[in-house]
Amino acid sequence: MYTQALNTQDSAPAAKSDPQADARFQARVDAEEKIEPNDAMPEAYRRTLTRQIAQHAHSEIVGMLPEGNWITRAPSLKRKAALLAKVQDEGGHGAYLYAAAETLGTSREQMEEQLLSGAAKYSSIFNYPTLTWADIGIVGWLVDGAAIMNQIPLCRCSYGPYARAMVRICKEESFHQRQGYEIMIALCKGTPAQKQMAQEALNRWWWPVLMMFGPPDKDSLHTESAMRWKIKRFTNDELRQKFIDATVPQGQFLDLTFPDPALKFDAGTQHWNYGDIDWTEFKRVVAGDGPCNRQRMKQMRAKHADNAWVREAANAYARKRQQRAAAMPIAAE
Ligand code: FAQ
């Protein structure tokens, strides 16, 4: 049975595949048609998308925490205003993404519940601490830079609501990347102590940022099907390489040293070769044992409890509007 997305739940038993319907669906995807919420789609497509979009939404929301940590300590009014706007943007990205995922049949409440119970993942990168102001520069330059590299192709994702949400998100992420790089320029042109702070932040974040792109292709569970369905347009390793190629010259301009002795330009391939990534660290962080996993989840649960009154007030207001609308006489045509 094929799903009519808005009417289904993730808890529904896995539907049997229908080869003819699968072929019709794949032909639409191959023809670059956008798939819309109530279109027929294989159950596996719906589940893959729901997982990816929900994880993406959770990442945007948990990602507000490491930067939010510096809003009260930003070094100037200009920096504070920019950081405040950026962190608010990330909250907005989470909201668009939850809305896109809801069109596939899972409610925002269910997704939040999955995050708070630890059943759903969010990006590994947000389990690292922002220890100095330079980390805020690095998050904008590298974390948003990596996010853009991964997300620009998602603007061409086969699922319409996700693709459209990504267009606006990418525009905002590029402002975020520039504000981060501008912080790095200021620090690198500043005093020797500021330059050292920038270098130490790069040393801490470089490898975790490379892990953001996900496991190597040979270990990736979802890439093959996600590429076939044109959810992903590039593999994890392809995007990682594109990011490294774009970012190393930016670091050289800052006169910073990347913490990878194997980083070397290959004139033959025109790519930067890089050293081995520590995938045991990645697995540990994703499994919940990174430097800040426990702190992040504690903060998310406390925020959810503190904000219960906002949800109650919004629900009460919605009920009142519904009752008023139901009591109104129907206008004559
Ligand atoms: N962290 O088979 P694959 C941002 C999991 S937004 C944790 O290769 P897939 C904005 C993966 O879920 C950053 N888990 O998976 C911002 C899967 O586990 P599952 C987030 C990871 O989906 C900036 C398993 O490993 N961006 O930064 C990670 O094909 C600054 C096997 O992996 C997105 O979510 C990881 N890094 O490829 C906000 C973009 N990588 O579910 C605030 C959309 C992999 O089977 C401040 N997502 N896993 O249990 C994607 O493009 C993809 O989902 C990938 C992973 C590329 C992340």
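Atoms within a ligand are numbered from 1 in the order they appear, just like the ligands themselves.
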Under 3.5 Å donor-acceptor, Arg108 side chain and Ala99 backbone:
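Between the backbone of Ala99 and the side chain of Arg108 there is no qualifying donor-acceptor contact (under 3.5 Å).
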Would you say Gln194's side chain and Thr191's backbone share a donor-acceptor pair under 3.5 angstrom?
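Flag set: sc Gln194 to bb Thr191 pair under 3.5 Å.
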Check whether any heavy atom of [X] sits under 4.0 Å from an atom of ligand 1.
X	answer
Tyr162	yes
Pro215	yes
Met64	no
Lys86	yes

With backbone taken as N, CA, C and O and side chain as the heavy atoms from C-beta onward, which portion of [X] lies under 4.0 Å from ligand 1: side chain, backbone, both, or neither?
X	result
Tyr122	backbone
Met211	backbone
Asp219	neither
Phe213	backbone
His176	neither
Ser220	both

How far is [atom] from the closest protein heavy atom, and which atom is that?
atom	result
atom 28 (C) of ligand 1	Phe282 CZ, 3.6 Å
atom 37 (O) of ligand 1	Lys232 NZ, 3.0 Å
atom 4 (C) of ligand 1	Ala147 CB, 3.8 Å
atom 42 (C) of ligand 1	Glu90 CD, 3.4 Å

Look at [X] together with [Y] and state whether they make a salt bridge at an N to O cut-off of under 4.0 Å.
X	Y	value
Arg294	Asp289	yes
Glu182	Arg79	yes
Glu32	Arg233	yes
Asp39	Lys34	no

Enumerate the atoms of ligand 1 whose separation from the nearest heavy atom of [X] is less than 4.0 angstrom.
X	answer
Gly214	40 (N), 44 (C)
Glu173	10 (C)
Glu60	6 (S), 10 (C), 16 (C), 38 (C)
Gly63	42 (C), 46 (C)

For [atom], state which one of [options] supplies the nearest heavy atom.
atom	options	value
atom 36 (N) of ligand 1	Ala119, Ser124, Gly68, Ala120	Ser124
atom 51 (O) of ligand 1	Leu221, Asn150, Leu154	Asn150
atom 15 (O) of ligand 1	Gln52, Met212, His58, His222	His222

Does atom 54 (C) of ligand 1 have any protein heavy atom closer than 4.0 Å?
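It does not; no protein heavy atom is within 4.0 Å.
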Any protein heavy atom < 4.0 Å from atom 44 (C) of ligand 1:
yes
So Thr130 and Ile138, do their side chains get closer than 4.5 Å, heavy atoms only?
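Not in contact.
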Under 4.5 Å between any side-chain heavy atoms of Tyr96 and Met166, yes or no?
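In short, these two side chains do not touch, never coming nearer than 4.5 Å.
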I'd like to check whether Asn236 has a polar contact with ligand 1, where a contact means an N/O of the residue lying under 3.5 Å from an N/O of the ligand.
yes
Just distances here: any N/O of Ser59 and N/O of ligand 1 closer than 3.5 Å?
no
Please verify the inter-ring angle class for Phe25 with Tyr45; under 30° counts as parallel, over 60° as perpendicular, anything in between as tilted.
perpendicular
Reference residue Tyr98; test side chain to side chain contact (heavy atoms under 4.5 Å, CB included); the match among His58, His93, Glu60
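The residue from His58, His93, Glu60 that satisfies side chain to side chain contact (heavy atoms under 4.5 Å, CB included) with Tyr98 turns out to be His58.
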Taking atom types as modelled, find out whether Gln241 and Asp245 have a side-chain donor-acceptor pair closer than 3.5 angstrom.
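Looking only at side-chain atoms, Asp245 and Gln241 do form a donor-acceptor pair, the distance falling under 3.5 Å.
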State yes or no: are the ring centers of His271 and Phe265 separated by less than 6.0 Å?
no
Minimum heavy-atom separation for Val29 and Arg228, please, with both atom names.
CG1-O, 3.9 Å
Could you tabulate the donor-acceptor pairs under 3.5 Å formed by side-chain atoms of residues 296-303, not counting sequence neighbours?
from, atom 1, to, atom 2, distance (Å)
Arg296, NE, Phe126, O, 2.6
Arg296, NH2, Tyr128, O, 3.0
Arg301, NE, Leu116, O, 2.8
Arg301, NH2, Leu116, O, 2.8

